[in-house]
Amino acid sequence: MWSGLGQAATVAQLVGADVGGLISMIMQAALTAQQNKKECEQLARRVFMIAELLPHLQDPEVMPRPEVRRPLAGLGDTLREAHELVMSCQGMTMVYRLVTAGRQADKFRDVQSKIDSYLLVFPFISHIYITRRLDRIYNILLPNDMSTMPSPSSGSHSHEVELQAKVVLHGDEGEKFTFAELAAATNNFADDREIGKGGFGTVYIGYLLSDGREVAIKRMHKDEMHGTMAKEFLAEVAILPSLRHEHIICLYGSCVLEHEKRQLLPPFRKIKMVEERLIVYEYTKNGSLHDHLHGTPPWPSSSSSPVRASWKMRIETLLGVSRAIEYLQCYNERPVIHRDINSSNILFDATWAPRLADFGASVRCDPSTRSVRPDAIYGTFGYIDLECAMSVIAKPTIDVYSFGVVMLEVLTGMRALFYQEEDVHKVFNCWEDPNTIPAILAEVTLPFIEVGEVWKVMDRRLTPEPTARQLEAADLVAQTAARCVRLRGEDRPAISEVVANLEAALELARRDG
Ligand SMILES: Nc1ncnc2c1ncn2[C@@H]1O[C@H](COP(=O)(O)OP(=O)(O)OP(=O)(O)O)[C@@H](O)[C@H]1O
């Protein structure tokens, strides 16, 4: 995990400005802008991309490269300019507005293109990081004193982890497996049993010898037995077993292998060392939504996938996941925030029903405030709620935001953040000059959705000519998604409204057969 303070200092040295502070100020001002709201919002989204990008510059592989460092010169000045511009939209008289309207539009265009020139560094970075799916925590926007803030009496993530540790002690974490049982189930974690790798560790398919159950076993990386990954393990085993929903992955149990070490020097006590942490889930055999939409092996784009072929299936998937989120928010005494909703964490079971997975970043809210102050910003590139990243208060609205991005992904077949030409061609095949600057899905699609031209952004791989009902259903999904990704959490729809709209969209898609 990045230390907020150390990181800010290094990035500041690199760019010559308090980039984190400036970005925070721009985003804050964009939230309260009275004029040019759309332009301010667009600028805030672009600037936030820079915030997501900057932490990666500290990687020893990346930082020394001149092709990364050189383009960043002057970033501080551009951010200051952007801040001034957004601040100038806070309040103006009508006359002043009329006089300056044209100039303001030019200024927005100018600043936007300057920001884009910094983002040119991004394809290079994202090539390294999205494929490795490494650092999921972006502390760049946290106030510098965040790491030294005392934990509030209720609701902080560390307090949550303490509580979770207690829950584990009380045996609410599902079945307790022994390491030997899980080693036997996976043929001693043989290479041919490996399904994939994530930030937490390696996932294996296994068959429990006791009852023949087919399971997925996540084994934490050896060098991550403490710190963030241990927290993720505790969050998952404390929260997930208590959740029962047809669209939420089922956690069967876990295994913590410890050994005792005797200290030879005084005070001659034994200490327990954790050697292994593993989680055992139901096995879902049909890959993830991300695999199907973006053709990730073993589901290459040429394979027949119901997700790729049918609008009805796509809307059913969204509806299932929205119901799971509604359950988390509305049917738990302390609402649960998943905090990492993205298409990789939506898995398909044997019947192709979607299952929301990966609860390692999840937290329970304080029931009175329906919020929690976590100790870090979690999420995956392209899905993180800007408002939460700024306020460092997690609310259920952050899952609505991330789910809105997933809805746009399903609608367009494009990634949450895309930079490859092939992605651009997939939908906007009318564009002759594909944009080489990385693009944010919401930013690219919203202008079309807002003017009722959803057909221009629909995934053409399904049907080159959608029917009238498919268009109507897609429009309902798109309009709902557009509201979910609004900058201010309070402007987003409640999850129950999202569920109702998806039910209506599914009804339309079903009538088409
Ligand atoms: N219960 C499961 N059944 C089948 N496959 C699974 C299961 N859980 C995870 N996988 C697969 O294992 C791989 C790694 O999953 P994991 O959740 O560790 O990582 P991720 O979600 O891709 O990344 P990260 O954890 O960093 O967000 C993915 O391809 C995922 O689809």
Side-chain angles (χ1 to χ4, degrees), residues 1 56 128-138 174 177 182 185-186 189 191-208 213-221 224 228-233 235-237 240-241 243 245-254 277-300 305 307 317 321 324 338-362 376-384 399 402 405-406 409 415-417:
M1 198 212 284
H56 299 303
I128 294 175
Y129 286 95
I130 288 186
T131 50
R132 277 161 59 187
R133 301 180 58 74
L134 268 185
D135 202 333
R136 306 194 311 166
I137 303 149
Y138 305 97
F177 292 96
L182 301 184
T186 54
F189 302 100
D191 288 349
D192 63 355
R193 296 292 186 86
E194 193 178 310
I195 310 171
K197 278 192 167 62
F200 177 93
T202 308
V203 183
Y204 298 85
I205 182 169
Y207 306 93
L208 294 177
R213 250 180 304 169
E214 197 175 37
V215 291
I217 301 174
K218 246 188 212 186
R219 185 182 188 189
M220 193 198 273
H221 297 307
E224 291 282 5
T228 314
M229 297 305 155
K231 276 187 188 175
E232 287 196 21
F233 174 88
E236 188 126 28
V237 296
L240 193 46
L243 305 175
H245 191 274
E246 59 179 323
H247 293 299
I248 292 181
I249 196 92
C250 178
L251 184 149
Y252 291 143
S254 59
R277 291 185 199 271
L278 304 102
I279 307 182
V280 183
Y281 308 88
E282 67 171 309
Y283 174 69
T284 54
K285 63 182 276 195
N286 280 319
S288 70
L289 179 61
H290 184 276
D291 297 338
H292 291 278
L293 289 178
H294 310 304
T296 320
W299 303 95
S305 149
V307 183
T317 302
V321 179
H338 183 282
R339 291 208 297 172
D340 196 14
I341 290 183
N342 66 64
S343 56
S344 298
N345 288 336
I346 297 168
L347 306 178
F348 290 105
D349 69 11
T351 66
W352 290 93
R355 304 293 196 107
L356 185 58
D358 204 349
F359 281 70
S362 61
I377 301 165
Y378 273 78
T380 296
F381 229 39
Y383 298 87
I384 301 172
D399 281 350
S402 309
V405 178
V406 173
E409 215 179 329
R415 292 164 208 263
L417 275 180

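Whatever order the structure lists them in is the order used to number ligands and atoms, beginning at 1. The chain is numbered in sequence order, starting from 1.
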**Student:** Taking heavy atoms and a distance under 4.0 Å, where does Asp291 meet ligand 1: side chain, backbone, both or neither?
**Tutor:** neither
**Student:** Just how far is it from atom CG of Asp291 to atom OG of Ser344, taken to the nearest 0.5 Å?
**Tutor:** 7.0 Å
**Student:** Atoms of ligand 1 less than 4.0 Å from Ile249 heavy atoms?
**Tutor:** 1 (N)
**Student:** Go through ligand 1 atom by atom and flag the ones less than 4.0 Å from a non-hydrogen atom of Val203.
**Tutor:** 12 (O), 14 (C), 15 (O), 18 (O)
**Student:** Are the side chains of Val406 and Ile346 in touch, meaning some heavy atoms are under 4.5 Å apart?
**Tutor:** yes
**Student:** Side chain, backbone, both or neither: which part of Thr284 has a heavy atom under 4.0 Å from ligand 1?
**Tutor:** both
**Student:** For Asp191, does the CG atom sit with more than 12 other heavy atoms under 6.0 Å from it, leaving out its own atoms?
**Tutor:** no
**Student:** Is there a nitrogen or oxygen of Asn345 sitting under 3.5 Å from a nitrogen or oxygen of ligand 1?
**Tutor:** yes
**Student:** Give the numbers and elements of all ligand 1 atoms closer than 4.0 Å to a heavy atom of Tyr283.
**Tutor:** 3 (N), 4 (C)
**Student:** Once side chain to side chain donor-acceptor pair (under 3.5 Å) is applied, do any residues pair with Thr317, and if so which ones, sequence neighbours excluded?
**Tutor:** none
**Student:** Of the choices Asn342, Thr380, Leu251, Leu347, which has the non-hydrogen atom that lies closest to atom 6 (C) of ligand 1?
**Tutor:** Leu347
**Student:** Test of understanding: with side chain to side chain donor-acceptor pair (under 3.5 Å), list the residues that count as partners of Arg193, not counting sequence neighbours.
**Tutor:** none
**Student:** If the contact criterion is a heavy-atom separation under 4.0 Å, does Glu282 count as touching ligand 1?
**Tutor:** yes
**Student:** Any side-chain heavy atom of His338 within less than 4.5 Å of one from Asn345?
**Tutor:** yes
**Student:** Does a donor on one side chain and an acceptor on the other come within less than 3.5 Å for His290 and Glu409?
**Tutor:** no
**Student:** Which atoms of ligand 1 are found less than 4.0 Å from any heavy atom of Tyr281?
**Tutor:** 1 (N)
**Student:** Check this for me - ligand 1, Asp358, N or O atoms closer than 3.5 angstrom, yes or no?
**Tutor:** yes
**Student:** Is it the case that the side chains of Asp399 and Ser402 hold a donor-acceptor pair, with the cut-off being a distance below 3.5 Å and no angle test?
**Tutor:** no
**Student:** When you compare ligand 1 with Lys218, is there at least one nitrogen or oxygen pair between them that comes in under 3.5 angstrom?
**Tutor:** yes
